[in-house]
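Okay, so here's the structure we're looking at.
Numbers here are sequence positions counted from 1.
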Amino acid sequence: ARSLSDEVCKSHDLSVVKEHNASVRHTLAEQHLLEKNKISWKDELREAIEYARDNSTNFDSFKRHLNDVYGVETKLRGKTLSFKHPERERFIRANKLGADYEREGLEHVFARQIEREQEHERAISRNEGTQRTDEKLYQSSHERGNGERSHDTQSIESDSRKIGQS
């Protein structure tokens with residue numbers, strides 16, 4: 001039905017309605033609360049989800065963190081993820097909170113966090129390798145006699161005395 005509607009609109013030079021996937025969705029009631037500088041229970045839920053997401057690297061640890069720290073229950077049925085605020089009786093679907101709170105959005109963040117951690121570990125490993133190489137170069141430099149040599153100053157002084165005597 002959607003594709004048929006899109007075709008009819010195009011054939012009559014009308015605009016086609018695009019999918020509305022806001023990263024954060026606020027109802028009118030929530031917008032009125034925000035205008036009064038008040039926070040809704042959905043915003044509390046969003047904050048808990050964001051904190052748990054930022055401190056987790058996979059979906060299971062995310063759910064555990066959300067429940068253990070905030071008392072927020074999660075339910076996954078097929079692709080539909082829902083959350084239950086501890087002071088509410090019913091679950092709310094993630095898509096009602098915004099695209100950032102759906103499973104795909106969360107999994108994307110987990111993947112990015114894992115990539116960042118791996119890159120950080122590679123950088124540390126490279127730095128340690130560079131430090132070992134620098135130490136080896138410094139050590140071999142000393143072995144070849146290119147490092148600091150305290151006996152050089154003595155030989156220069158004795159050479160200058162010999163030159164002064166002649």
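- Using a 4.5 Å heavy-atom cutoff, the side chains of Thr80 and Arg93 are in contact.
- Looking only at side-chain heavy atoms (C-beta outward), Ser82 and Thr74 stay at 4.5 Å or farther from each other.
- Across every non-hydrogen atom of Val72 and Ala48, the tightest pair is CG2-CB, 4.5 Å.
- Of the possible polar contacts, none joining the His65 side chain to the Ser61 backbone as a donor-acceptor pair under 3.5 Å is found.
- The existence of a salt bridge linking Arg112 and Glu115 is excluded, since no basic side-chain nitrogen approaches an acidic carboxylate oxygen closer than 4.0 Å.
- At least one side-chain heavy atom of Leu106 sits under 4.5 Å from a side-chain heavy atom of Ile49.
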Q: Evaluate the side chain to side chain contact (heavy atoms under 4.5 Å, CB included) criterion for residues Val109 and Phe62: first the C-alpha distance (whole Å), next the side-chain angles of each, then the deciding distance (0.1 Å), finally the verdict.
A: CA-CA 11 Å; Val109 172; Phe62 164 75; over 6 Å; no
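- We find the NZ-NZ distance between Lys42 and Lys96 to be 8.0 Å, quoted to the nearest 0.5 Å.
- Atom CZ of residue Arg64 and atom CG of residue Asn58 lie 7.0 Å apart, to the nearest 0.5 angstrom.
- Other residues, nucleotides and ligands place no more than 12 heavy atoms under 6.0 Å from the CZ atom of Arg77.
- The closest side-chain heavy-atom distance from Leu45 to Tyr101 is not below 4.5 Å.
- Heavy-atom neighbours of Lys75 NZ from other residues, nucleotides or ligands within 6.0 Å: above the threshold of 12.
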Q: Run the numbers on Phe59 and Leu81 for side chain to side chain contact (heavy atoms under 4.5 Å, CB included), then give the verdict.
A: CA-CA 11 Å; Phe59 191 69; Leu81 177 62; 3.6 Å; yes
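- Distance check, rounded to the nearest 0.5 Å: CG of Asn55 to CD of Glu50 gives 12.0 Å.
- At a threshold of 4.5 Å between non-hydrogen side-chain atoms, the residues Ser56 and Phe110 count as touching.
- At least one donor-acceptor pair closer than 3.5 Å links the side chain of Lys84 to the backbone N or O of Arg88.
- Side chain of Arg46 to backbone of Leu97: a donor-acceptor contact under 3.5 angstrom is found.
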Q: Could you please spell out the steps behind the salt bridge (charged side-chain N to carboxylate O under 4.0 Å, His left out) verdict for Glu7 and Lys10?
A: CA-CA 5 Å; Glu7 287 177 34; Lys10 287 178 185 175; over 6 Å; no
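- With contacts defined as side-chain heavy-atom distances shorter than 4.5 Å, the pair Ile39/Glu47 qualifies.
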